[in-house]
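See structure below.
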There are 2 protein chains.
Amino acid sequence: MPRHYEDTETRRRQVAEAALRTIAEDGVARFTSRAVAGRVGISDGTLFRHFGSKEEIVLEAMRLLEQEIEAGMVDSGDPMEDLEQFFHHRAAFVGEEGSVGRLIFSDELIHLAGDEGRQVVEGWRRRSVGFLIDRLQRLHAEGQLRQDLDVPAMSMLVQGALLTFAMQASLGRAGSREDVRRRVVHAWRTLMKVLTP
Amino acid sequence: MPRHYEDTETRRRQVAEAALRTIAEDGVARFTSRAVAGRVGISDGTLFRHFGSKEEIVLEAMRLLEQEIEAGMVDSGDPMEDLEQFFHHRAAFVGEEGSVGRLIFSDELIHLAGDEGRQVVEGWRRRSVGFLIDRLQRLHAEGQLRQDLDVPAMSMLVQGALLTFAMQASLGRAGSREDVRRRVVHAWRTLMKVLTP
DNA sequence: CTCCATAAAGCGAGTGCTTGCTTGCAAGCT
DNA sequence: AGCTTGCAAGCAAGCACTCGCTTTATGGAG
């Protein structure tokens, strides 16, 4: 059988994607270098020709996720629209992509990714919370949100709602894409009812 | 040096507690039979005299948690009081006991606990959600909760708030016991403001 | 167009380490 | 004496990772 050849750049992307799929579908316990290599269709020996360590693979996979995470944080000028955009994007993302929830929740994986991985995840958290607080603050100051609630409390409600989606995806009980989207819309309506005067 | 002898019953309890402490303090990745044995002060060989497998250890540890989980679900006759009790108890529990969050979030651990472990965790979830829905339903019917919100949506808000505590504990950023308790009280006040007319 | 040297990518056996678990025997309790 | 509990060494399996060698792509010289 003839071998199939690809250059390092292509392989690195394929491996990072395969790593995310493996984590999402098989779980962290079965996330081994052999499994990832098998998914790409190369031997585990070849895998380590393109990556120096398993830690590097996790970091590359994180970089793939990072783009998606950043994409959810836009600045349209209207804080309310930003917030809605953020909530929908993030909820759909963590609700559909099972690997995200596992990555964030699994100290196992973060431990695997080393100090650098820990910093990456911590960075995501800080940026996301910062974004949330900022938009809520502005809306609160404009009087568009209930004045008897403080901003951190409202932030907790929004984060909590997002966590329920991550949790469901992590437990594999997310349902179809359409189903997730419907629940996201409903959750957002509920939050609006609850946060606005 | 003289050996210290304990009967199986005592050792099983000690081991289960040590397992929870190990998961909470060292993380799932370092939760090995040797580490647990070392914490108890016995060799890993002795550990397997009292337990048939690591899976059994996890199940025994789960049984320890189960008592605490059940303790949070009382029936005082007043649904609102039940709900408040439940929220405070559960939030303080998952917020202070880091192992709970890790246990619930880690598919690694659940995978380790086998089918029986998966059923145990699924049972917790079902019972907890059932409890929540039941009390909310009754309060909603009595008109004590906002009629423009549906019960599942309110349940999501409560669960979400609880998840934020589990998440913080799992990430090791819980803070002191007093600190957690203060935030729990604040979260409950926020929920009440938001759910009642 | 052919030939061949070189580099890149692939393979799979092998290495050392850790893990869950076993076993042979010693040490204490009853 | 016998039963339980303990230890330390050891085992097979699985892991991340290495290495020697093979196979393919490339590209310039003849």
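Residue numbers begin at 1 in each chain, while the letters A, B, ... track the order of the sequences.
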Begin with the C-alpha distance, continue with both residues' side-chain angles, and end with the deciding distance and a verdict on salt bridge (charged side-chain N to carboxylate O under 4.0 Å, His left out) for B:E60 and B:R63. CA-CA 5 Å; B:E60 188 76 15; B:R63 265 174 226 123; 2.8 Å; yes
Separation of [N] [atom2] from [X] [atom1] (nearest whole Å):
X      : N      : atom1 : atom2 : value
A:E9   : C:dA8  : CD    : P     : 15 Å
B:K54  : C:dC21 : NZ    : C1'   : 12 Å
A:H4   : C:dA8  : NE2   : P     : 19 Å
A:I57  : D:dC15 : CD1   : P     : 14 Å
B:D7   : D:dG6  : CG    : C1'   : 14 Å
B:E108 : D:dG14 : CD    : P     : 16 Å
B:H50  : C:dT22 : NE2   : P     : 15 Å
B:I42  : D:dT4  : CD1   : C1'   : 14 Å

With a 4.0 Å cut-off, would you call A:E25 and A:R39 a salt bridge? yes
Salt bridge or not between A:R125 and A:E122? Use side-chain N to carboxylate O under 4.0 Å. yes
Given [options], identify the nucleotide with an atom nearest to the side chain of [X].
X     : options                : answer
A:R49 : D:dC17, D:dG20, C:dC25 : D:dG20
A:R3  : D:dC17, D:dG6, D:dT24  : D:dT24
A:T8  : D:dT5, C:dA9, D:dC7    : C:dA9
B:S43 : D:dC7, D:dC21, C:dT22  : D:dC7

Cationic tip of A:R183 above A:F165 ring, under 6.0 Å, 45° of axis: no
Base, sugar-phosphate alone, or nothing: which one does B:R34 contact when heavy atoms must sit under 4.0 Å apart? base
What's B:L47 touching, base or sugar-phosphate or nothing? Going by heavy atoms closer than 4.0 Å. nothing
Supply the atom-to-atom distance A:F87 CZ to A:Q159 CD, rounded to the nearest 0.5 angstrom. 11.5 Å
A:E178 CD: over 12 foreign heavy atoms closer than 6.0 Å: no
If you assign B:D44 and B:Y5 each to the DNA chain C nucleotide with the nearest heavy atom, which residue ends up on the more 5' nucleotide? B:D44
Report yes if a side-chain nitrogen or oxygen of A:T46 is closer than 4.0 Å to either non-bridging phosphate oxygen (OP1 or OP2) of C:dC11; otherwise report no. yes
Using a distance-only test with no angle check, is there a side-chain donor-acceptor pair under 3.5 angstrom linking A:H186 and B:D150? yes
Please work out which residues in residues 18-32 of chain A have a non-hydrogen atom less than 4.0 Å from an atom of DNA chain C and list them by number. none
